[in-house]
Amino acid sequence: MTPTATARSICSIQANDFAAQWRETRKDALAAVQRVGNSGRLILGEEVSAFERKLADWWGVSHAVGVANGTDALEIALRCAEVGPGARVLTTPLSAFATTLAILRVGAKPVWCDVEGSGGLDLDRAAAALESDGSIAAVVAVHLYGHPLDPRRLARLCEQHGVALIEDCAQAAGAEREGAPTGTVGLAAATSFYPTKNLGALGDGGALLTMDAEVAERARRLRNYGEGERHVYRERGLNSRLDELHAAILRSAMLPRLDGWLARRRQIARRYTEALTGCSQLRPMAATGGRSAHHLYPVEAASGETHAVVDALESAGVRTGRHYPFLCCDQAAVRGGDAWVCGEMFPTARRVAEREISLPINPYLDDEQVERVIGACLQAAARRESATRARTSVNGRAACECGD
Ligand SMILES: *Cc1c(COP(=O)(O)O)cnc(C)c1O
């Protein structure tokens, strides 16, 4: 590596900073490891149940069931909703592939429905799809980017059509709308402790959240081979347990800090929004309502500008992400017979897939780094604007009518 490249990568602003997180959480995490080691219990012991209680309290649900990852949490939630082979499940094509994968893994067929401009499922189109296809058995609604979908509309829609609602809250820890957290209006919700998530473990983990005691009990069986009473298996489950170690670290080192981390995410998001509002080259994709958990900070680039903007930000030392450049329905892992596509080919989801850029947002960015990201965005926007102007030789307006 050249010295310049090294210097740049050292000071470049990253999406996540796990080293900084370790510096903050190390003492508590190591104490948690000691506690587990001394307890002599490594699987499904006191740590998992203590974390589950604390998470349920924090989230505002009645039950949390720790599992191995968010994908399994979705799969188990679908199993609890009796969604099995051949069933059709309405969902979004714009999500982590895990959302579609969980549906495929229970043998069901995803029916995709377009999103609205900020990336969330378009509930008008979802209503039309449910209206026209009476065979849909469930909806998997994703609170993408941490932006909460409208819980009342979602619940009403599913109730009206008699379909089960599963909420994918992998990105939504801390999101609220209508005074309630996400994950409380469906039969069950799934969340993930993948390290990049708002509440991340030191490895993989996840949880199923529910208000329903029977669903929680069934999920506890399904995560442990399907075992009910000891040595008795009435249905085929998974091996999908949250480890005692992860549970202990999550409870003692991570969860107590989550409110502080969320507050910092909100501050950063507020500052980005303030600085970029009115910027036609990098339009903030804000939540349609409620309070986002700001797992990501998505902006929409102007038509055809995404790659140029990503490159410009990269050379200014700002690492960006894409969520998501390819739609779930277009993945080779989804074979034709697996899936149904409803309506036209998702023009909005495609636009977002082409244009979305995720700016760095994590609790360890300091104010100076946040301003550097903003400066790089405004500069990239101004450059792209003048490049566009030169190309089209029109007398365009300034790229950003914003301050700075
Ligand atoms: C991360 C994520 C998942 C999957 O979680 P894992 O813990 O990685 O299995 C599912 N859905 C969404 C929206 C995600 O962001």
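Position 1 is the first residue of the sequence; numbering continues from there. Read the numbers this way: they start at 1 and go in the same order the structure lists the ligands and their atoms. Side chains are part of it too, since the values below use all heavy atoms of this structure and drop only hydrogens, waters and symmetry mates.
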among protein heavy atoms, the one nearest atom 14 (C) of ligand 1 is K197 NZ, 3.2 Å
State yes or no: are the ring centers of F18 and Y364 separated by less than 6.0 Å?
-> no
re atom 6 (P) of ligand 1, the protein heavy-atom contact at minimum distance is G70 N, 3.4 Å
Of all protein heavy atoms, the one nearest atom 9 (O) of ligand 1 is T71 OG1, 2.5 Å
E356 side chain vs H323 backbone, donor-acceptor pair below 3.5 Å: yes
Ranked by distance from atom 4 (C) of ligand 1, the top protein heavy atom is A98 CB, 3.5 Å
The closest protein heavy-atom partner of atom 11 (N) of ligand 1 is D168 OD2, 2.8 Å
With E52 as partner, the option from R241, R220, R251 fulfilling salt bridge (Lys or Arg N to Asp or Glu O under 4.0 Å) is R220
Problem - N/O donor-acceptor pair under 3.5 Å between S95 side chain and T92 backbone - result: no
for atom 15 (O) of ligand 1, nearest protein heavy atom and its distance come out as Q171 NE2, 2.8 Å
Q) Does the pair D150/R156 count as a salt bridge with the N-to-O cut at 4.0 Å? A) no
A student checking ligand 1 against V142 at a 4.0 Å heavy-atom cut-off should list atoms 13 (C)
Please report whether ligand 1 has a polar contact with S95, defined as an N or O pair separated by less than 3.5 Å (distance criterion only).
no
Lys/Arg N to Asp/Glu carboxylate O, E314 vs R319, below 4.0 Å = yes
